[in-house]
Novice: 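I have a structure I would like to understand better, so I am pasting it below and will then ask my questions one at a time.
All heavy atoms count here, side chains included; hydrogens, waters and symmetry mates do not. So that the names make sense, note that chain A is the first sequence line, chain B the second, and so on, each numbered from 1.
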There are 2 protein chains.
Amino acid sequence: MLDQTGVDARLPLYLQLRDLLATQIRAQKWQPGQPIPSEAELSQTYQVAVGTVRRAIETLMAEGLVERTHGRGTFVRKARFDNSLFRFFRFESADGRPLSPKSVIVSRKLVEAPAQATAALQLKPHAKVIELHRLRMVDAQPVLAENIYLCAQRFKALADKSPEQFGDLLYPLYERECGLIVASARETLTVETVTAAQAKLLGLKEKTPVVMIERIAFGSDGQPLEWRQSRGAASKFRYSAEIR
Amino acid sequence: MLDQTGVDARLPLYLQLRDLLATQIRAQKWQPGQPIPSEAELSQTYQVAVGTVRRAIETLMAEGLVERTHGRGTFVRKARFDNSLFRFFRFESADGRPLSPKSVIVSRKLVEAPAQATAALQLKPHAKVIELHRLRMVDAQPVLAENIYLCAQRFKALADKSPEQFGDLLYPLYERECGLIVASARETLTVETVTAAQAKLLGLKEKTPVVMIERIAFGSDGQPLEWRQSRGAASKFRYSAEIR
DNA sequence: TAGTGGTCTAGACCACATG
DNA sequence: ATGTGGTCTAGACCACTAT
């Protein structure tokens, strides 16, 4: 049965089952890439019709938590960091080939959230956040300066870990260390003129135009997880988006 | 029955029904805003189970062709030109309110497609295209200069119609005059320095940074319909995108 | 061949909107 | 009260994957 499993009993059955399975997937009850029980099995253990199980799993699939293959089974999706969330702005070499930038964490501080961060992350006033300053490098040249804000409470595992061990990509880190999966994001682009400090960091002349990309990243439950601002020389920028 | 209605009989039933309904919606069998027959009725007329009808309609809903309201019915979605496809780049007044720009068609020519256009629109070499030059104005000030390319064959209705009657939005025009619906698009943003000609059109100083937005718009069948390049002063730009 | 997901059916009951 | 879509069930049959 589904009662007394911590799910909201007022929800439709298939959503209760979805929540239950999602929790177990997050808790790593089944390893990424491994199959979850079959429809028939789940239908048995939870005493619901197969159709209801299907609907729950279809929801999970739409959310990107599982993958199904006809005849094989339903599998916990491995984190795929080659997907759209990781190629917003590409760095291109002169001949147009994509480059993968290296990351350097310049600083990590625990601070009271600035007003914009509380708004973006939907935090209470004066909540604590982890503030990261990061530089992204291509061929040892800095190309992007980033300010990243994370709710201190949810990301407390990152407050202790050494920033040298963060690696080049943050989202896999969030998933590994904090169990938080970035499922979607909203980005806003504007063009500004560099401040003196940014110019120095990025090795740019004064008054060079820079693109500022502001991003709010959301978890699979729609809660905002991360707010970041990234700035880089406008002349090197290329940004692609699909609209539906 | 669903045979001999022009749909692919090898497809699952629910997809055949989806195609059939989609065709009828496009042919305006039911007016936008008006209800399509109920599940029970469709189930009767086409002799399929209600569950199959449901699945077909769910697909149509996911594609944005219909809207359902519990207890009321299923309705053909009105063309909503306030949706994401029409607010890629917003023009904002000083106080942050969105502005709706006026359009002026500066020229319309029938020309042989330039190389980039043949690539973007997947045309044969030397195919003819309609080339539109358009200015978008806010408060009588030009803010955006656009070059638009359309396959002459499919958009031949626009070759005759007076450009003064095109109106401020092109996509509703494409739909009205040519029966072509823009369903999705891919945009690429870059930052450039204005050319002398563009500077004059837009009333900008030399070497001002401009944002160039290149867009390929696709029909519901995935075929490219329109290729355009839009340029405007970078300082006034704000561009938002959702990533999933 | 056995087990999985994919399609399809038929029907019950519920929740919502409308007259 | 009626008709609509939303949930849920139970079971049949098909198509794909593995062994």
Novice: Going 5' to 3' through nucleotides 7-14 of chain C, assign each nucleotide B (protein heavy atom under 4.0 Å from a base atom), S (under 4.0 Å only from sugar-phosphate atoms) or - (no protein heavy atom that close).
Specialist: BSB-----

Novice: Which whole-number value in Å describes the distance from B:E41 CD to D:dG3 C1'?
Specialist: 11 Å

Novice: Is B:S38 close enough to D:dT4 that one of its side-chain N or O atoms is under 4.0 Å from OP1 or OP2 there?
Specialist: yes

Novice: Just how large is the angle between the end axes of the helix from C:dT1-D:dA18 to C:dT18-D:dA1, five pairs per end, to 10 degrees?
Specialist: 10°

Novice: Could you state the CZ-P distance from A:F75 to D:dT17, rounded to the nearest angstrom?
Specialist: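 My rounded result for the distance is 11 Å.
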
Novice: Verify whether one side chain among A:S230 and A:E146 offers a donor that lies under 3.5 Å from an acceptor in the other.
Specialist: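 Side-chain D/A pair, A:S230 to A:E146: present.
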
Novice: Sequence neighbours excluded and cut-off under 3.5 Å, please list the side-chain donor-acceptor pairs for residues 152-163 of chain A, or say none.
Specialist:
from	atom 1	to	atom 2	distance (Å)
A:R154	NH2	A:P224	O	3.1
A:S162	OG	A:E164	N	3.3
A:S162	OG	A:E164	OE1	2.5

Novice: Please report, rounded to the nearest Å, how far the C1' atom of D:dT19 is from the CZ atom of A:R72.
Specialist: 14 Å

Novice: For residues 54-66 of chain B, tabulate all N or O donor-acceptor pairs below 3.5 Å that involve a side-chain atom, not counting sequence neighbours.
Specialist:
from	atom 1	to	atom 2	distance (Å)
B:R54	NH1	B:E39	OE1	3.4
B:R54	NH1	B:E39	OE2	2.5
B:R55	NH2	B:Y14	OH	3.4
B:T59	OG1	B:R55	O	2.8
B:E63	OE1	B:R18	NH1	2.4
B:E63	OE2	B:R18	NH1	2.9

Novice: Return each pair, listed once, that meets side chain to side chain donor-acceptor pair (under 3.5 Å) where at least one residue sits in residues 115-128 of chain A; pairs must be two or more places apart or across chains.
Specialist: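 Side chain to side chain donor-acceptor pair (under 3.5 Å) check on residues 115-128 of chain A returns A:E112-A:H126.
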
Novice: Using whole Å, what does the distance between atom C1' of nucleotide D:dA15 and atom CD of A:E39 come to?
Specialist: 14 Å

Novice: For B:R228, run the side chain to side chain contact (heavy atoms under 4.5 Å, CB included) check against B:L150, B:I216, B:L170 and tell me which one passes.
Specialist: B:L170

Novice: Tell me whether the OP1 or OP2 atom of D:dG5 has a side-chain N or O from B:T74 closer than 4.0 Å.
Specialist: yes

Novice: Minimum heavy-atom separation for A:T74 to A:R68, with atom names?
Specialist: OG1-NE, 3.1 Å

Novice: Under the side-chain hydrogen bond (donor to acceptor under 3.5 Å, both in side chains) rule, collect the residues that match up with B:K102, sequence neighbours excluded.
Specialist: none

Novice: Quickly work out the A:R68 CZ to D:dT17 C1' distance and round it to whole Å.
Specialist: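 Rounded to the whole Å, the gap is 15 Å.
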
Novice: Does any N or O in the side chain of B:T69 come within less than 3.5 Å of the main-chain N or O of B:R72, such that one atom is a donor and the other an acceptor?
Specialist: no

